[in-house]
2 protein chains.
Amino acid sequence: MDAIDLSLVDLLRGNARLSYAELARQVGLSAPAVHERVGKLESSGVVRGYRADVAPESIGLGVTALIGIVEDSGADSDDMLESLRVLPEIESCYFMAGVESFLLKARVGTIAELEQLIVRLNRTPGVASTRTAIALSTKWENRPQPVGPPAG
Amino acid sequence: MDAIDLSLVDLLRGNARLSYAELARQVGLSAPAVHERVGKLESSGVVRGYRADVAPESIGLGVTALIGIVEDSGADSDDMLESLRVLPEIESCYFMAGVESFLLKARVGTIAELEQLIVRLNRTPGVASTRTAIALSTKWENRPQPVGPPAG
DNA sequence: CACTCTCTGTGGATGCCATCGATCTGAGCC
DNA sequence: GGCTCAGATCGATGGCATCCACAGAGAGTG
């Protein structure tokens, strides 16, 4: 992870579809060299993948909610995690410090679907209670923060 | 937005670096047809961009926190939004229903940096109080949920 | 110093891909 | 039937990904 790697990571966070040739021009190396560096970043786990950023409402996911979960005393967090993992609506899942063990970001199409999700969560073994907050609007999301030296 | 468009969106959410030729094979069209469809998805705002998914800790952002903000009565939300927007640590920002007007996801390198961020937030005009919860670990994040008919 | 090993880069070759323009096809409509 | 438009295919061409052989810088060792 030298300065060139950081530049590559930054460039790919901004636009994951840049060609290797373009990346090479930006960092001042040859295309094969960039190809090899990016391959190493991928296989070492620094770059986990490449995702299209899709407007959720345009694919029928207009409702965003954040849900905190309080565990029963004595509940097994690993079991609960597996129960959460199979719910496709849960886009992100954090294990938290504090009374609420998990914080979920869920995305559904309608409030009715959100209600169903909350009911399902409350029925999940180990869940003592849930607390749901609805996002009225997403101002921004997953904004990459610049890191390392400026590219070039 | 027909079934083929949904398949393309799904494929690109899974791997944004797929070539047009590969996408074409997957959905059963020619490469130029796919090229045009993806171009329209981009210009219509369905696809907002393509991002490399980078392990945050590998670029020195090992601390994730969720911060709720209570506004002063009479504070201007738009002004506050602009104050929040310039803070690079804030990766996501939601305008919420409830007592806390904003919910932020912030990513910093150390707890000391988090402390500085919280101090800065509390000094921001319009902020009545903040509530910070620290993520001990991220179980998963921005997992794309499958949508539309299976590709092929 | 010189030898060598390793890592990482460059340059060239080759086959695939992106992309443009021309043409074709089918649905809807008069 | 025939017009028209949207959206597909086909063919060509220039650029890109990717493989390979080889070169140069640095570290470790006699």
Side-chain angles (χ1 to χ4, degrees), chain A residues 1-61 142 144 146-152, chain B residues 1-61 142 144 146-152:
Chain A
M1 277 296 276
D2 60 6
I4 290 182
D5 282 337
L6 284 175
S7 295
L8 290 173
V9 164
D10 250 16
L11 289 165
L12 287 170
R13 287 209 299 172
N15 181 5
R17 281 182 79 82
L18 287 174
S19 67
Y20 291 116
E22 181 59 30
L23 291 170
R25 277 189 287 270
Q26 298 278 332
V27 303
L29 289 182
S30 65
V34 167
H35 188 264
E36 182 169 349
R37 275 173 177 266
V38 172
K40 286 180 181 172
L41 288 170
E42 290 169 2
S43 57
S44 69
V46 174
V47 172
R48 295 186 291 207
Y50 305 94
R51 303 257 181 78
D53 173 18
V54 174
E57 63 277 13
S58 67
I59 53 173
L61 297 173
N142 300 129
V147 75
Chain B
M1 275 297 275
D2 60 6
I4 291 182
D5 281 337
L6 283 175
S7 295
L8 290 172
V9 164
D10 249 17
L11 288 164
L12 286 170
R13 286 210 300 171
N15 181 2
R17 280 183 79 83
L18 288 175
S19 68
Y20 291 116
E22 181 58 30
L23 291 170
R25 278 189 287 271
Q26 299 276 334
V27 302
L29 289 181
S30 66
V34 167
H35 188 263
E36 183 170 346
R37 275 173 177 267
V38 172
K40 285 180 181 172
L41 288 170
E42 290 169 2
S43 57
S44 70
V46 173
V47 172
R48 294 185 292 206
Y50 304 94
R51 304 255 181 79
D53 173 21
V54 174
E57 64 275 15
S58 68
I59 52 174
L61 297 173
N142 300 129
V147 76

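By convention in this document, chain letters (A, B, ...) are assigned in the order of the sequence lines, proteins followed by strands, and residues within each chain are numbered from 1.
Where A:E36 and A:R17 each meet DNA chain C at their nearest nucleotide, the meeting point lying more 5' is that of A:E36.
Distance, B:L23 CG to C:dC16 P: 19 Å, rounded to whole Å. Computed from coordinates, the A:D5 CG to C:dG9 P distance equals 8 Å when rounded to whole Å. In this structure, A:Y20 places its OH atom 20 Å from P of C:dG11, rounding to the nearest Å. Atom P of nucleotide C:dC7 and atom CG of A:L29 are separated by 18 Å, given to the nearest angstrom. Atom-to-atom, CZ of A:R37 to P of C:dC7 comes out at 15 Å; the value is rounded to the nearest Å. Atoms CD1 (B:I4) and C1' (D:dA8) sit 10 Å apart, rounded to a whole Å.
Residue B:S19 is in sugar-phosphate contact alone, with no base atom involved, counting any heavy-atom pair closer than 4.0 Å across all strands shown.
The two atoms that bring A:A52 and B:A16 nearest to each other are N-CB, 3.6 Å, heavy atoms only. Here the closest non-hydrogen pair linking B:G45 and A:A55 is O-CB, 3.6 Å. Of all heavy-atom pairs spanning A:L18 and B:R17, the tightest one is O-NH1, 2.9 Å.
At a cut-off of 3.5 Å, with distance as the only test, a side-chain donor of A:N142 or B:N142 sits close to an acceptor on the other residue.
Distances shorter than 4.0 Å separate some side-chain N or O of B:K40 from OP1 or OP2 on D:dG7. The phosphate of C:dT19 (OP1 or OP2) has a side-chain N or O of B:H35 nearer than 4.0 angstrom. The side chain of A:R25 places an N or O atom within less than 4.0 Å of a non-bridging phosphate oxygen (OP1 or OP2) of D:dC16.
Listed nucleotides C:dT10, C:dA18, D:dT9 differ in distance to A:A33; the shortest reach to its side chain belongs to C:dT10.
When the C1' atoms of four end pairs are superposed on the next four at each end of the helix from C:dC1-D:dG30 to C:dC30-D:dG1, using five pairs per end, the two resulting axes differ in direction by 20°, to 10°.
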